[in-house]
Amino acid sequence: MAETKNQQGFVFSGKKRSSTGQDGDDDFIVANKKSMLSTGLPSMWEDPAAALASARHEFGEHGGVNMSIEASATFTVMEPETMRRMFAGELGPDRDFFIYSRHFNPTVLNLGRQMAALEGTEAAYCTASGMSAISSVLLQLCSSGGHMVASRTLYGGTHALLTHFLPRACNITTTFVDINDHEMVKNAMVEGQTKVLYFESMSNPTLTVANIPELSRIAHDKGATVVVDNTFSPMVLSPARLGADVVVHSISKFISGGADIIAGAVCGPANLVNSMMDLQHGALMLLGPTMNAKVAFELSERIPHLGLRMKEHCHRAMFYATKIKNLGLNVIYPGLEDHPQHELLKSMANKEYGFGGLLCIDMETEEKANRLMNHLQNCTQFGFMAVSLGYYETLMSCSGSSTSSELNDKEQALAGISPGLVRISVGFVGTLAQKWSQFEKAFSRLQDSGLYKN
């Protein structure tokens, strides 16, 4: 099969190479694709946008500026001996040898390299959902009888996984702590027994900001691995650059941006990601939360403008938080100077990306929360009552009765979740003047109803 070269001299070959390495262009292609898991980034990491721009760009099979989609579930070999060597671990994706797309798929691996660049980690692997990323990495790091320490304030699904599923199914227990009480965190960790410290960079839904460098130091002193969910703050925070070992994401949220894809990612050391893909012991390989290659292609096209989207989400969130506070409502937003971790976030955040795209309004009771959301959606079209976040439209939910409903009343109280806490994921459609007018009209209706008084 003929080969073509572009002006930079990259080889686009349709020829399947043999495992003997005798192909004339093999050395070039191997050098160009050294470590499929690696980002190929320079050692100096500046910020997420610079890292993404420095990551290797995949070209299409025929030289297209976009990579080709490798939709095959299984892959052929040119020699019978090659398959034995692949299953023995002698040949792998670092040399363009693929077995089966549950193991490695070229298109999904390309998205993994982008995610690793985004988070500044050695490697990343993308999964079918955020929960599959979380559960797989915790099962890889903890065996039966293992112990974890985790924040009291977590996404409801994660809390249920740690509270109910893992103890029942895997004999893995978790001690929950106030993540900002560092003495409590330290005392809960047992050296030699505690395998993982798990928390969210910005907590769901209370927007508590974790001191990632200090928590990482405490965990490492106890011999534990630090796993951080950074779903709420991509681009804004880079936990791995602040001391964390592993970063997990629900890509379904800000990174996707379209509320149309379910996906997740595990970002961390190459040895961990490779161990998770081990044919005998790998949690990702054996549990099988495989991302579809067509989904990976779509997501890879969205990541380049993630920085622009995050800046606008954050800009508008700051604008609304300030204006809503001036109306006399109880607003929670890390960008406001009266937020308990405002200065901490400023010290950790990547510059120019703001303070996050979510804010909360504490309406105190579920009735008031529901009435406000009803006016905002059905009377003035400010946003939608829906769970999830990171969409270009504004999404609102009362967390205690929705995304945090897996926590009982006592657990919600310990987590700081008020019954009337409205979580708002700020979108960027429409003009600021238009959208703010819609909010003011909805709030005025609420006041006129007599249900809310300053």
Side-chain angles (χ1 to χ4, degrees), residues 153-157 159 200 202-209 231-233 253-254 259 313-314 316-336 338-340 355-407 409 411-413 415-430 435-454:
T153 311
L154 296 172
Y155 163 60
H159 194 278
E200 295 167 346
M202 286 189 192
S203 66
N204 184 358
T206 61
L207 303 183
T208 300
V209 181
T231 298
F232 271 33
S233 47
K253 311 303 192 296
F254 284 111
H313 282 298
C314 295
R316 292 195 175 210
M318 186 72 196
F319 175 88
Y320 292 137
T322 303
K323 301 278 275 187
I324 294 170
K325 181 183 176 183
N326 290 339
L327 291 177
L329 288 163
N330 183 8
V331 182
I332 301 165
Y333 182 64
L336 297 175
D338 61 359
H339 188 280
F355 298 95
L358 288 106
L359 60 86
C360 293
I361 303 174
D362 189 354
M363 299 298 293
E364 299 180 348
T365 69
E366 186 177 351
E367 182 186 7
K368 291 179 183 177
N370 289 341
R371 187 72 67 88
L372 174 64
M373 291 190 297
N374 183 58
H375 288 320
L376 288 170
Q377 173 180 286
N378 298 322
C379 298
T380 67
Q381 290 78 52
F382 175 78
F384 300 148
M385 287 184 282
V387 298
S388 199
L389 53 121
Y391 188 39
Y392 52 80
E393 293 275 7
T394 293
L395 302 179
M396 309 168 290
S397 59
C398 183
S399 295
S401 56
S402 59
T403 54
S404 296
S405 60
E406 292 90 342
L407 284 70
D409 290 345
E411 289 167 337
Q412 288 195 23
I417 302 171
S418 161
L421 191 71
V422 178
R423 189 189 75 183
I424 300 179
S425 171
V426 177
F428 50 72
V429 296
K435 304 307 289 185
W436 177 244
S437 174
Q438 292 170 344
F439 188 96
E440 283 188 307
K441 287 175 183 175
F443 181 59
S444 178
R445 285 188 177 228
L446 185 67
Q447 288 180 307
D448 291 344
S449 71
L451 188 64
Y452 181 85
K453 295 178 182 178
N454 287 340

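- Around CG of Asn326, the count of heavy atoms belonging to other residues, nucleotides or ligands within 6.0 Å exceeds 12.
- Looking only at distances, a side-chain donor or acceptor of Ser418 sits under 3.5 Å from a matching main-chain atom of Gly420.
- When all heavy atoms of His313 and Val426 are compared, the pair lying nearest together is ND1-O, 2.7 Å.
- With contacts defined as side-chain heavy-atom distances shorter than 4.5 Å, the pair Leu421/Pro205 qualifies.
- Atom CD in Gln447 sits 10.5 Å away from atom CG in Leu372 (nearest 0.5 Å).
- In this structure, the side chains of Asn204 and Phe232 come closer than 4.5 Å at one or more pairs of heavy atoms.
- Side-chain contact between Tyr320 and Lys435 is present, with heavy atoms from C-beta onward closer than 4.5 Å.
- Here Thr231 contributes atom OG1 and Leu389 contributes atom CG; the two are 7.5 Å apart, rounded to the nearest 0.5 Å.
- The distance from the CD atom of Gln377 to the SG atom of Cys379 is 10.0 Å, given to the nearest 0.5 Å.
- The side chain to side chain donor-acceptor pair (under 3.5 Å) analysis of residues 381-394, with sequence neighbours excluded, yields no pairs.
- For the pair Met363/Ile361, a side-chain contact is recorded, criterion being any heavy-atom separation below 4.5 Å from C-beta on.
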* **Candidate pair Phe319 and Trp436, rule side-chain contact (heavy atoms from CB on, under 4.5 Å), full reasoning** => CA-CA 9 Å; Phe319 175 88; Trp436 177 244; 4.0 Å; yes
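- For the pair Leu395/Val387, no side-chain contact is recorded, criterion being any heavy-atom separation below 4.5 Å from C-beta on.
- Between the side chain of Ser425 and the backbone N or O of Gly390 there is at least one donor-acceptor pair closer than 3.5 Å.
- Residue Leu207 comes nearest to His339 through the heavy atom pair O-NE2, 3.0 Å, listed as atom of the first residue, atom of the second, then distance.
- For the residue pair Lys441/Gln438, the side-chain donor-acceptor check at 3.5 Å is not satisfied.
- The shortest distance between side-chain heavy atoms of Met396 and Phe384 does not fall below 4.5 Å.
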* Asked: How far apart are the C-alpha atoms of Leu327 and Phe439, what are their side-chain angles, what is the distance that settles it, and do they pass the side-chain contact (heavy atoms from CB on, under 4.5 Å) test?
  -> CA-CA 11 Å; Leu327 291 177; Phe439 188 96; 3.9 Å; yes
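- In this structure, the side chains of Ile332 and Thr206 stay at 4.5 Å or more apart for every pair of heavy atoms.
- Qualifying side chain to side chain contact (heavy atoms under 4.5 Å, CB included) partners for Asn378, counting only residues two or more places apart in sequence or in other chains: Asn374, Met385.
- Counting all heavy atoms, side chain and backbone alike, Leu376 lies closest to Ala442 at CD2-CB, 3.4 Å.
- In this structure, Arg316 contributes its side chain and Val429 its backbone to a donor-acceptor pair below 3.5 Å.
- Between the side chain of Tyr333 and the backbone N or O of Gly356 there is at least one donor-acceptor pair closer than 3.5 Å.
- Judged by distance alone, the side chain of Ser444 and the main-chain N or O of Glu440 form no donor-acceptor pair under 3.5 Å.
- Of the possible polar contacts, none joining the His375 side chain to the Phe443 backbone as a donor-acceptor pair under 3.5 Å is found.
- With rounding to the nearest 0.5 angstrom, the OG1 atom of Thr153 is 8.5 Å from the NE2 atom of His159.
- Separation of atoms CD1 (Ile324) and CD1 (Ile424) is listed at 5.5 Å; rounding is to 0.5 Å.
- Considering every non-hydrogen atom in both Ala386 and Ser397, the closest pair reads O-CB, 4.0 Å.
- You'll find the side chain of Leu154 reaches within 4.5 Å of the side chain of Glu200, heavy atoms only.
- Taking each heavy atom of Ser233 and Met202 in turn, the nearest pair found is CB-CE, 4.2 Å.
- The CE atom of Met373 lies 11.0 Å from the CZ atom of Arg423; values are rounded to the nearest 0.5 Å.
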